[in-house]
Protein chains: 2
Amino acid sequence: MKVSAKMDYAVRALLELALHWPDTNPRHIRDISRKAAVPQKFLIHILIVLKSLGYVHSIRGKTGGYTLALEPRQIRLVDVVKQWGGLGSFDEQKRKMKKDDAISLLWQQIDKDIIQTLKGVSLEDLCNRQRQQGKILSYDI
Amino acid sequence: MKVSAKMDYAVRALLELALHWPDTNPRHIRDISRKAAVPQKFLIHILIVLKSLGYVHSIRGKTGGYTLALEPRQIRLVDVVKQWGGLGSFDEQKRKMKKDDAISLLWQQIDKDIIQTLKGVSLEDLCNRQRQQGKILSYDI
DNA sequence: TTTAATCATTACTAACTTAATCATGTAAGT
DNA sequence: ACTTACATGATTAAGTTAGTAATGATTAAA
């Protein structure tokens, strides 16, 4: 019932790339690391996973870096989270159980709720919210 | 984003006590352990916490055991889970962050969804579901 | 009043997970 | 070549999890 730092970082990295979309220039890890507040050495591994999942492309060499592999509106949070494997509020694999008792069903219902919420959110949505949030905050000055 | 075994066990222990309500005879750990499929040595610690949270009473000595401290309909899952401290899909304490950015707000939304679901469920509800489930299963014979 | 059954408390631990870092390798532009 | 970047695997310190062990305290009953 906890979002791991890794998953949080993954989404932040994706959002950071999405906020620059449709700029096609590759962003390098150093920049993403700074803007998304993720340790650079850690971010490398996260980006490799995101690449293997098909969410980002990488370009090696001197002018290398990362780009989004899809349009922000095509990337749904539910898919990222599901594929990341981090979901499942109840780890049924590890506990040998009936899984059809009232309590297991309750945990499963919670899973469904989470998925339902995430289904409605794309990277594009997050971009809009972030920009909107920025506006609200600027009024505070 | 995972329900710990401890929390799962805690709810199972409470449900086991609730299923016997309003029988006021104390049940001893051994029985609860067997029926709820929780290691006895582990269950002791869980029951102590549940006692400190006010959900169960304990009676020591030869005819001792545990009883529910409240009626099943008075015990809402949302309270148990919240007081257990296990909730919070995103651990904001440990990561120094703004907490008002789009991503943090998304994790917070997930928390709210979980709480919303749990608010609607009491131990009495779980009892009814469990009994109903038993009926359904017995038709399979 | 001993004894046995039960709850209470503290300490310990093996296994696992998390959140990284380090070292080294590979590719590509200048 | 040289530099700059991504790639990969190994390692690791700290924390959490899911228990177990040992011992103490309380009470009913023989």
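Being a predicted model, the structure only gives us computed values, none of them experimental. Below, read A as the first sequence line, B as the second, and so on, with proteins coming before strands; counting in each chain starts at 1.
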Could you give the CD-to-P distance, from Gln40(A) to dC6(D), as a whole number of Å? 8 Å
Hydrophobic cluster identity match, Ile59(B) and Leu43(B), side-chain contacts under 4.5 Å: no
Measure the shortest side-chain to side-chain distance between Arg131(A) and Leu19(A) over non-hydrogen atoms and say whether it is less than 4.5 angstrom. yes
Look only at the side chain of Gln83(A) and the backbone of Val80(A), and say whether a donor-acceptor pair between them is shorter than 3.5 Å. no
Backbone of Val38(A) reached by a side-chain donor or acceptor of Ser33(A) within 3.5 Å: yes
Length of the CH2-C1' vector between Trp84(A) and dT18(C), whole Å: 13 Å
Whole-Å distance separating the CG atom of Asp8(B) from the P atom of dG19(D): 11 Å
Consider only side-chain N and O atoms of Asn128(B) and Glu124(B), and report whether a donor and an acceptor are under 3.5 Å apart. no
From CD1 of Ile44(B) across to P of dA8(C) the rounded distance in Å is 9 Å
Any heavy-atom pair between the side chains of Leu14(B) and Val56(B) that's under 4.5 Å? yes
Which residue, Leu77(B), Ile75(B), Leu126(B), forms the side-chain contact (heavy atoms from CB on, under 4.5 Å) with Leu15(B)? Leu126(B)
Report the C-alpha distance between Asp101(B) and Arg129(A) in whole Å, list the side-chain angles of each, state the deciding distance to 0.1 Å, and finish with yes or no for salt bridge (charged side-chain N to carboxylate O under 4.0 Å, His left out). CA-CA 8 Å; Asp101(B) 59 312; Arg129(A) 292 180 193 180; over 6 Å; no
Using heavy atoms and a sub-4.0 Å distance, could you list which residues of residues 14-26 of chain B are near DNA chain D? By number, please. none
Drop me the distance from Lys119(A)'s NZ to Arg76(A)'s CZ, to the nearest 0.5 angstrom. 6.5 Å
Counting side-chain heavy atoms from C-beta on, which of dC22(C), dT20(D), dA19(C) comes nearest to Ser4(A)? dA19(C)
Which one, dC6(D), dC7(C), dA19(C), comes nearest to the side chain of Ile29(B)? dC7(C)
Which angle, rounded to 10°, do you find between the first-five-pair axis and the last-five-pair axis of the helix from dT1(C)-dA30(D) to dT30(C)-dA1(D)? 10°
Between Lys35(B) and Asp31(B), is the closest basic N to carboxylate O distance under 4.0 Å? no
Can you check whether Tyr9(A) has a side-chain N or O nearer than 4.0 Å to OP1 or OP2 of dT18(C)? no
Whole angstrom value for the distance that separates P of dT11(D) from NZ of Lys41(A): 17 Å
Please report, rounded to the nearest Å, how far the P atom of dT6(C) is from the CG atom of Asp31(B). 9 Å
Nearest whole Å is fine: how far is dA20(C) C1' from Lys6(A) NZ? 9 Å
Heavy atom of residues 45-63 of chain B under 4.0 Å from DNA chain D: which residues? His45(B), Arg60(B), Gly61(B), Lys62(B), Thr63(B)
Got a salt bridge between Arg73(B) and Asp125(B), using NZ or NE/NH1/NH2 to carboxylate O under 4.0 Å? no
Of the listed nucleotides dA5(D), dA7(D), dG19(D), the one nearest the side chain of Phe42(B): dG19(D)
Between CD1 of Ile32(B) and P of dT6(C) the distance, given in whole Å, is 12 Å
Leu123(B)-Leu105(A) co-clustered via ILVMFWY side chain contacts under 4.5 Å: no
What nucleotide among dT20(D), dA7(D), dA19(C) has an atom nearest to a side-chain atom of Tyr66(A)? dA7(D)
